[in-house]
Amino acid sequence: MDTILYTKIYKLVYSDFGKYNIMKNKKDDNEKMSKKSHRKKMMQDFKRRFFVSLALTIPILVFSPTIQSLFGASFQFPGITIISFVMSSIIFFYGGYPFLKGLLDELKDKQPGMMTLIAVAISVAYFYSTSVVFNIVAGRIFFWELATLIDVMLIGHWIEMKSVIGASRALEELVKIMPTVAHLKEDGEIVDVKVEKLEKGDKVLVKPGEKIPIDGIVIGGETSINQAMITGESEPVFKSKDDEVIGGSINGDGSITVEVKKTGKETYLNQVVEMVSEAQKSRSKTQDLANRAAFWLTSTSISVGILTFIIWIFLNPDIAYAIERTATVMVITCPHALGLAIPLVVARSTSIAATSGLLIRDRKSFEFARNIEAIVFDKTGTLTKGEFGVTDIITSETHTSKEILAIAASLETNSEHPIGNGIVKSAKDRDIEFKEIRDFEAIPGKGIKAEIKDTEYKIVSPGYLEENNIHFKESRVEKVKKQGKTIVYLLKNEKVIGAIALADIIREESKNAIDKLKAMGIKCMMLTGDNKYVAQWVAEELGLDEVIAEVLPDEKAEEIKKVKAQYKVAMVGDGVNDAPALASADVGIAIGAGTDVAIETADIILVKSDPRDAADIIELSKKTYSKMVQNLWWASGYNVVAIPLAAGVLAGFGIVLPPAIGALIMSLSTVIVAINARLLKKE
């Protein structure tokens with residue numbers, strides 16, 4: 001059972017994010033500013049009530065005979081009791097107003113909780129003490145206890161509200177990074193316009209050091225872009241023609257021209273804010289446990305409070321003492337911390353994930369990820385780059401691997417074949433210097449040829465060697481053939497001087513991801529439509545536990561169901577071809593979504609094409625659950641000792657808890673819960 005005050009605070013903090021449109025109109029701007037201002041006013045209200053009450057509490061403490069006796073002092077003067085009554089009344093009605101109003105709200109909603117307990121405790125203390133002052137009943141005055149109790153509750157709520165509002169700052173910072181002005185290229189001129197005025201197809205200039213104004217693609221220039229705030233990538237990302245850029249990321253040293261591709265709610269940042277808002281508002285299974293615990297704690301508090309009063313009246317006719325014990329029990333068992341224990345962790349973990357490029361669509365699936373026993377990766381585009389590249393260079397005695405790649409890449413510079421592109425790209429990645437060629441000519445169906453310094457070279461298929469009875473005896477050739485790789489041969493004057501094996505390049509990050517997952521005790525598998533030889537090679541390189549190869553796209557979902565029958569399973573794929581498989585898994589993780597985060601079949605979306613993020617999201621799930629459990633213990637565990645002490649079980653030994661100390665312990669648990677949630681980190 002969420003407390004009424006917490007619900008109101010939480011709604012105020014998060015309600016606007018679900019509706020937030022970064023390209024908003026002026027009316028929306030004013031509305032958001034009004035809500036933000038109202039949240040701050042609420043926090044300031046608690047702060048103001050605390051300091052006013054504290055100022056009035058000091059003389060009440062000084063005038064109290066109990067406090068005076070503690071310091072060996074004693075002084076009284078006519079009207080001292082009435083002065084204390086007036087100041088206590090101000091504290092009760094002004095400082096206690098949030099709790100008294102909360103009592104009425106909870107009773108109206110038929111959900112008695114924290115506010116009911118606090119309001120009852122301070123009301124009994126105040127009205128009983130007032131009756132004593134005006135000689136309606138005989139007994140002891142509780143003014144100093146009342147004042148200090150309200151002070152502690154006010155400062156507890158003030159600190160708590162700062163923590164709750166602070167939980168949303170990551171999203172607020174995400175929204176604030178959007179620039180407001182863009183340099184629009186129009187009729188050969190540069191015109192500064194408001195970002196919300198941009199339309200699809202517009203072309204904008206982004207100067208060095210400026211923020212990208214909106215999502216689009218680079219149509220001119222090249223640069224490095226800092227996307228750390230948006231995707232969590234620590235290193236700047238190089239961007240050139242046809243590359244996507246995200247609004248809010250920071251341009252490096254180069255000027256680029258960007259064509260607008262997305263506006264308004266379609267933009268990446270808007271989708272992220274919308275998704276995070278929905279994830280934060282979605283229910284947590286652990287929260288259901290906390291709500292049940294809060295309900296039973298409230299019921300226990302009321303029951304134990306009544307029982308404490310009855311027992312102490314029976315044991316000791318001093319009604320003042322019985323009221324003090326009852327008030328302490330009701331205050332110390334307030335389920336306030338329980339109301340915050342889970343939502344604060346939810347807010348924190350979702351914000352951490354969003355700013356790291358890990359987008360949570362379904363909260364329950366994210367929490368379930370901590371239980372994953374097996375993870376199934378798609379191969380192409382997930383564990384591999386989805387592009388041809390050189391994996392092996394087999395040399396002869398006459399040439400080194402660098403020389404062979406340099407000659408082959410030089411010949412292939414004029415080729416448009418995927419094999420040629422793969423060889424050229426691999427050479428560029430290794431900073432190999434290209435040679436000048438002439439007389440380039442294609443050999444239909446067999447390869448290409450050209451001259452370098454009057455020497456003829458050819459790159460040919462295995463079929464060319466067979467037709468021309470050319471032999472290349474090298475054991476490594478047979479090995480790469482068995483791995484299902486594509487092999488081409490480099491000939492110099494019709495003599496083989498080397499061979500190049502190509503395949504879909506394995507991502508450098510994949511090995512690290514698999515190692516991390518296996519260290520967690522998770523079985524790592526691969527599901528692919530590729531042939532079994534290539535699949536086995538990838539599996540051996542990465543140390544996978546199992547491979548399912550030669551599976552058609554429409555068969556992948558059935559294979560996932562088979563794995564699911566044995567393990568709690570997560571599927572990691574590209575979110576398009578693997579949609580049925582993602583939907584069939586316990587947790588579907590779409591990888592490499594880039595700026596397209598609207599993937600309906602995935603529970604979690606990884607913005608970057610980095611399989612290590614799959615391990616990170618599972619690790620974050622485990623840490624999040626651990627924080628939730630810790631918070632539940634902090635929020636309720638102390639009651640095991642505190643309730644008996646508050647009730648006066650050890651009163652015979654001189655050990656009792658005053659109401660203010662009870663309030664301090666309760667408030668401290670709330671603050672600890674808030675701080676503990678903030679300590680959650682990705683790494």
**Student:** Are the side chain of Glu373 and the backbone of Lys568 linked by a donor-acceptor contact shorter than 3.5 Å?
**Tutor:** yes
**Student:** For residues Val424 and Phe434, determine if any side-chain heavy atom of one lies less than 4.5 Å from a side-chain heavy atom of the other.
**Tutor:** yes
**Student:** Using modelled atom types and a 3.5 Å cut-off, is there a donor and acceptor pairing between side-chain atoms of Thr624 and backbone atoms of Leu620?
**Tutor:** yes
**Student:** Any side-chain to backbone donor/acceptor pair from Lys239 onto Glu244? Under 3.5 Å, distance only.
**Tutor:** yes
**Student:** Taking the side chain as C-beta and beyond, is there a heavy-atom pair between Asp378 and Met571 under 4.5 Å?
**Tutor:** yes
**Student:** Counting N and O atoms only, with roles assigned by atom type, does the side chain of Asn512 sit under 3.5 Å from a partner on the main chain of Glu509, one being a donor and the other an acceptor?
**Tutor:** no
**Student:** Check for a donor-acceptor pair, side chain of Asp545 on one end and backbone N or O of Met525 on the other, with a separation under 3.5 Å.
**Tutor:** no
**Student:** Using only atom types and a distance under 3.5 Å, with no angle test, would you say the side chain of Arg507 pairs donor to acceptor with the backbone of Gly381?
**Tutor:** yes
**Student:** Does the pair Lys556 and Glu559 meet the rule for a salt bridge (Lys or Arg N to Asp or Glu O under 4.0 Å), with working shown?
**Tutor:** CA-CA 5 Å; Lys556 286 187 175 183; Glu559 292 296 335; over 6 Å; no
**Student:** Using atom types as modelled and distance alone, determine if a side-chain donor or acceptor of Asp215 lies under 3.5 Å from a backbone N or O of Lys261.
**Tutor:** no
**Student:** Within a 6.0 Å radius of atom OH on Tyr533, are there more than 12 heavy atoms belonging to other residues, nucleotides or ligands?
**Tutor:** no
**Student:** Under a 4.0 Å N-O cut-off, is there an ion pair linking Lys364 with Glu367?
**Tutor:** no
**Student:** Do you know which of Lys385, Lys485, Lys379 makes salt bridge (charged side-chain N to carboxylate O under 4.0 Å, His left out) with Asp504?
**Tutor:** Lys379
**Student:** With a 3.5 Å distance limit and no angle check, can you tell me whether Ser621 reaches the backbone of Phe366 through a side-chain donor-acceptor pair?
**Tutor:** yes
**Student:** Has Asp192 got more than 12 heavy atoms of other residues, nucleotides or ligands less than 6.0 Å from its CG?
**Tutor:** yes
**Student:** When you measure from the side chain of Ser626 to the backbone N and O of Lys622, does any donor-acceptor pair fall under 3.5 Å?
**Tutor:** no
**Student:** Could you check whether Lys561 pairs with Glu558 (Lys NZ or Arg NE/NH1/NH2 to Asp/Glu carboxylate O, under 4.0 Å)?
**Tutor:** yes
**Student:** If you compare all heavy atoms of Ser584 against all heavy atoms of Lys564, which two are closest, and at what distance to 0.1 Å?
**Tutor:** O-NZ, 3.1 Å
**Student:** Just to verify, which of Asp613, Asp610, Asp616 counts as forming a salt bridge (charged side-chain N to carboxylate O under 4.0 Å, His left out) with Lys516?
**Tutor:** Asp616
**Student:** Should the pair Lys197-Asp202 be classified as a salt bridge under the 4.0 Å nitrogen-to-oxygen rule?
**Tutor:** no
**Student:** Taking the side chain from Ser426 and the backbone from Ile423, do they hold a donor-acceptor pair closer than 3.5 Å?
**Tutor:** no
**Student:** Is atom NZ of Lys435 surrounded by more than 12 heavy atoms (other residues, nucleotides or ligands) closer than 6.0 Å?
**Tutor:** no
